[in-house]
Amino acid sequence: MAPAIDVIHDEATFLNNSVVNTHEIIDDKIKPIAGFEPGEDLEVSPGATALSKKLVGEALVEQIEGIDHELCDAGDEDSFFVADLGEVYRSFKMWKQQMPQVLPHYAVKCNTDPAVIKLLGTLGANFDCASKKEIDTILGLGFDGSRIVYANPCKTNSFIRHARECDVNLTTVDNSQELYKLKKHHPECGILIRIATDDESAQCRLSTKFGCSVSSALNELLPLCQELDLKVKGVAFHVGSGAKDFDSIYKAVKDSRTVFDKAEEMGMPMSVLDIGGGFERETFGESSAMVRYSLGKYFPQTYADQHGILFIAEPGRFMVANAFTLASHVIARRDLGKEQYDMEAMIYVNDGVYGNMNCILFDHQHPVAHVLRHDGKIYYDGETVDDEDKDIQGTVRRFAFLIWGPTCDGLDCISTRSEFATNINVGDWLYFPNLGAYTLAATTSFNGLGGLANVKYVSSAPEVRL
């Protein structure tokens, strides 16, 4: 069950709960494109990081210390998450500091945890939903349908009718057949024409599946919207998750302005630009700088004011990736011939790629295992090394393991080689930080071993009280 959340607003946070377009700030320090310099990566204060680690560690230890591993009921030692809502708060605050002119619509598919959704909604974020269930999740938490963009270019007819009934009146489209569906089932819905981008550098490419060409937008979809008397509201794009080449943002914004200009020529002025998602904390300084520059060049403040432009985005992993830590129990060990395999053993934990580490297969992630408890001792956030773990010269030994998930499928491999300063045994616990994005939202029940893990909540931000 999600905790009750109280968010304390003060002048320093400048967070706005209202649904508005704050496009008054364009960074005038960004140089012309010929001399464009990437922004610096942003860092969270060491104090906040230390407090987050401390609170997460305390929650992890409290949970596993409360388990009687000899007598507990089946399932009591299942894997679980600890979520620091303070990290979610800081991500949102970082977004507002770097891109105050862009209203985030949190991508619900990334992490459907109700506490995360309630916190972001309270802070002022809106929502990107891709299905009836996601729409119902947002409505069930008390948020209005007007705060949702139905950001799935290919929708089920019944889901379109459901969106109409729930007053969800903005959606993305990239083909003519979708326009005919909307004309029949939700003719009053606002339409964002989704254009394809150059996402070759992205880890998770989306333009291979979604997005029309600029030519198609200009010569097919805009004329059809006019013919069907549909409400074309703007343009959407997505440069792909984990993109490293941010020139694609510049090109996509430029292409979007071309579509805006054509729509205005046709007597259908647009007012919404959706720059999609794919943002990451590690590269946000650079990506946000490119967004500010690109919007300043092709949608300058005078143009935005004149046309009442609303800039929105669909961040997911940016808000939650580093906020969740997974703890998993070592349930089995199979020793190997070290001379042959160059590792101690294969170990098996009670979570894996069919459970909360599905991100290995679906999201190109590489979860990193750390020792939480070994032989009854806590090793969180550092490796306490016993004398028996040192060689005769006093050098710390390293123990290598192949880590498997719990299912009977050979694909369920978490790591082909992980090294620790301790010789992992059955009954030990490992933890995996930074598993908040595309993990618990995509679990399966394969082998009867999956399903949603319990979540314990902490807050390292004084503004967010549980």
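- For Asn350 and Ser328, the side-chain atoms include at least one donor-acceptor pair closer than 3.5 Å.
- Within the 4.5 Å cutoff, side-chain heavy atoms of Pro367 are placed close to those of Ile360.
- A salt bridge links Lys109 with Asp128: the closest approach of a Lys/Arg side-chain nitrogen to an acidic carboxylate oxygen falls below 4.0 angstrom.
- Proximity of Ile135 to Ile148: side-chain heavy atoms (C-beta onward) are separated by under 4.5 Å at one or more points.
- Judged by distance alone, the side chains of Asn356 and Thr439 never bring a donor and an acceptor atom under 3.5 Å apart.
- Ring pair Tyr250/Tyr293 is parallel by interplanar angle, where below 30° counts as parallel and above 60° as perpendicular.
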CA sep, side-chain torsions, deciding dist, call: Phe127, Phe143, ring pair (Phe, Tyr, Trp, His ring centres under 6.0 Å): CA-CA 9 Å; Phe127 306 99; Phe143 299 108; 5.1 Å; yes
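- Under the 30°/60° scheme for interplanar angles, the aromatic rings of Phe81 and Phe324 are found to stand perpendicular.
- Side-chain contact check for Tyr298 versus Tyr303: every heavy-atom pair is 4.5 Å or farther apart.
- With ring centers used as reference points, Phe279 lies 6.0 Å or more from Phe318.
- Atom CG of Asn454 is surrounded by 12 or fewer heavy atoms from other residues, nucleotides or ligands within 6.0 Å.
- A salt bridge links Lys132 with Asp136: the closest approach of a Lys/Arg side-chain nitrogen to an acidic carboxylate oxygen falls below 4.0 angstrom.
- Aromatic pair Phe159/Tyr150: centroids not less than 6.0 angstrom apart.
- Looking only at side-chain heavy atoms (C-beta outward), Ile414 and Val349 come within less than 4.5 Å of each other.
- A donor and an acceptor atom, one from each side chain of His186 and Asn169, are located under 3.5 Å apart.
- Classified by interplanar angle (parallel below 30°, tilted 30° to 60°, perpendicular above 60°), the ring pair Tyr380/Tyr431 is tilted.
- Among residues at least two apart or in separate chains, salt bridge (Lys or Arg N to Asp or Glu O under 4.0 Å) pairs with a member in residues 154-169 are Lys155-Glu178.
- Of the N and O atoms on the side chains of Asn447 and Thr407, not one donor lies less than 3.5 Å from an acceptor on the other residue.
- Between Val330 and the options Leu372, Ile403, Ile347, a side-chain contact (heavy atoms from CB on, under 4.5 Å) holds for only Ile347.
- A donor-acceptor pair is defined here as one N or O able to donate and one able to accept, closer than 3.5 Å; no such pair exists between the side chain of Asp363 and the backbone of Gln365.
- Remark: side-chain polar atoms of Asn111 are paired, donor with acceptor, to backbone N or O of Gly436 under 3.5 angstrom.
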side-chain contact (heavy atoms from CB on, under 4.5 Å) between Tyr379 and Phe420, worked out: CA-CA 11 Å; Tyr379 287 72; Phe420 308 102; over 6 Å; no
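- The backbone N or O of Ser459 lies less than 3.5 Å from no partner atom in the side chain of Arg465, so there is not a single donor-acceptor pair.
- A salt bridge is absent between Lys377 and Asp428; no separation between the charged side-chain nitrogens and carboxylate oxygens falls under 4.0 Å.
- Between the Asp261 side chain and the Thr258 main chain, no donor and acceptor come within less than 3.5 Å of each other.
- The pair Glu87-Arg281 meets the salt-bridge criterion, since a charged nitrogen lies less than 4.0 angstrom from a carboxylate oxygen.
- Ring geometry, His329 versus Trp429: the interplanar angle falls from 30° to 60°, so the pair is classed tilted.
- A salt bridge is defined here as a Lys NZ or Arg NE, NH1 or NH2 lying under 4.0 Å from an Asp or Glu carboxylate O, and Asp274 with Arg194 fails to meet this definition.
- Side-chain contact between Thr325 and Phe432: absent, with no pair of heavy atoms (C-beta onward) separated by less than 4.5 Å.
- Contact of the Tyr106 side chain with the Val116 side chain is registered, since non-hydrogen atoms from C-beta on lie closer than 4.5 Å.
- With no hydrogens or angles considered, no side-chain donor-acceptor pair links Arg292 and Gln101 at under 3.5 Å.
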